[in-house]
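Every number for a ligand or one of its atoms is a count from 1 in the order of the listing.
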Amino acid sequence: MTTVRETAHELLRTWGLTTIFGNPGSNELPFLDDFPSDFRYVLGLHEGAVLAMADGYAQATGRPAFVNLHSAAGLGNAMGNLTNARAAHTPLVVTAGQQSRAMIGIGAVLAEPDLVRVPEPHVKWSFEPARAQDVPRALSEAFHLATLPPAGPVFVSLPLDDWVEQVDPQEVALLAGRRVCSAGAASAGLISELADRLGRATAPVLVVGPEVDNEHAYPLVVALAERLWAPVWTAPVPPRCPFPTRHPLWQGVLPSSIAGVSEHLAGHDLVVSLGAPVFRYHVYRPGPWLPPGAELLAVGADPHAASRAAFGDAVVAEVGTVVEQLLERLPTGRTGRQHPGRRIVEVPEPGEAPFTADAVFAELARALPVDVPLVNESTSNTVQFWAHLHRSRPRSLFFPAAGGLGFGLPAAVGVALADPARPVVAVLGDGAVQYGVTGLWTAAQLGLPITFLVLRNGGYEGLRGFLALLDVKDAPGLDLPDLDAVGIAAGYGVPGARIATGAELAAALRDAATARGPRLLEVPIDPTS
Ligand SMILES: Cc1ncc(C[n+]2csc(CCOP(=O)(O)OP(=O)(O)O)c2C)c(N)n1
């Protein structure tokens, strides 16, 4: 016989889940007892930060991550960032400790009979094993389900007395060797139908989304765009950067309104959406879904997104595989298509603080090599951010997928943990910092090479921008005076500096590419810029 804990450790090892992102309480201590020396526990000081660290780590590695939270309270604290992980389709095995089985029903402290309901809307599956002996198989189900497309977080509730229970090794022996995979290829008939449709289009356009941002699909989608010589837009509100931003076919990011999307796609007869929900709108500006004469064909892994769309045809499949199949069918040679190309943005010199957001992002693009991963959680200036962005490889940009603040700072910690030799830059609003601020402590303790670039505009300027759009005259709660990000960082053990001149900004951003530890730079920006 062996214990549930030993069995779980063995399984986690075979799945590569030896990094545990957590914040412990008494319900979780029996799981952490006898912690194996080949495992790593990454402590976050608040569960929101813990969840986002795991999310950043999983998105950067392309592998699932394991999270261990404290009962209902800890799980509740992580809910905001769970919405981001769900929207990002991040494979996460989220667990929380439950009270001893004998005390769950009698209202003991830290017992939560409905624990599985807490994360329910934001996970693919939520489960509490019926017996201690079922814990290993439940973890196996969670691991496979989290990873299968569309990937996403799952939740398992783990009663604290289960870990020392005995389990028959015969019962769990075959779990470790199981391979569960999704076969994402389309039939030959479907591929020839899609290829014919593309062949008939006179002015096709590609709209690319976050599912394209992986090592398999990214180069294939570039090849498809080049084969068709079709312009490429990034789908609205992008959480990742799925196409090289300096490629001559890239047009920019589609606006996040119904009318805006159809206006920007005017002149096209076939819109091919790859790996994006159709579409992730934000501002309600009604209009036609598509310009006159256009049809839409969407390929993506999420059956909910495919079914939910209000228009167009959809194929539920892995994007890279379908594009690979299409490339085998489509004729080679130039299509003779012309398109206008993207307007090149003028690059202003930063001058003195307060800087314009444009100037800061232009400097960032100049100073930062494309292999330095970027995390962005700065909201009022995303248009300027994307206008200057220079990215040319997958998994190089991460933004909160559901728009929930509190992802950026700790996600940068997770991205850095994915490859500690590679520095990371996180661009954060002065408001956004506060939602995930405890991630600074983990960055300092682990000595991670992250430059936190805090854009200080003294308010929730992204929200102020919505006042006119929503016909709101004025609203309280939009000013953020007297916040000292450098002082706060010092309290967590992260050195900081205030940037006053363009020369200081350029030097600090150049240093970011070779950073050896965390650093916070407070950069004053003009809120009206
Ligand atoms: C968890 C959460 N709470 C509140 C919001 C609403 N919200 C959207 S943008 C924003 C302002 C963020 O301010 P800051 O980070 O300073 O960036 P700025 O908009 O000023 O560029 C707020 C509060 C949110 N998106 N997520």
Check: D213 and Q59 side chains under 4.5 Å, non-hydrogen atoms: no
N/O donor-acceptor pairs under 3.5 Å from side chains in residues 109-116, not counting sequence neighbours:
from	atom 1	to	atom 2	distance (Å)
E112	OE2	D114	N	3.3

Side chain to side chain donor-acceptor pair (under 3.5 Å) contacts in which one or both residues fall within residues 476-505, not counting sequence neighbours: R464-D479, D484-R498, R498-E522
Pairs involving residues 430-477, ordered by first then second residue, that meet ring-ring contact (aromatic ring centres under 6.0 Å, His included) (sequence neighbours left out): H282-F466
N84 side-chain N/O to A402 backbone N/O, donor-acceptor pair under 3.5 Å: yes
Side-chain donor-acceptor contact under 3.5 Å, T356 with D526: no
If you look at each N/O of ligand 1, which protein N/O atoms lie under 3.5 Å away, and at what distance?
from	atom 1	to	atom 2	distance (Å)
ligand 1	15 (O)	G431	N	3.4
ligand 1	15 (O)	A432	N	2.7
ligand 1	16 (O)	D430	N	3.4
ligand 1	16 (O)	D430	OD1	2.8
ligand 1	16 (O)	G431	N	2.8
ligand 1	16 (O)	G459	O	3.2
ligand 1	17 (O)	T379	OG1	3.3
ligand 1	19 (O)	T379	OG1	2.5
ligand 1	19 (O)	S380	N	3.4
ligand 1	19 (O)	E461	N	3.4
ligand 1	19 (O)	G462	N	2.6
ligand 1	20 (O)	N457	OD1	3.3
ligand 1	20 (O)	N457	ND2	2.9
ligand 1	20 (O)	G459	O	2.9
ligand 1	20 (O)	E461	N	2.9
ligand 1	21 (O)	S380	N	3.0
ligand 1	21 (O)	S380	OG	2.6
ligand 1	25 (N)	G403	O	2.9
ligand 1	26 (N)	L405	N	3.0

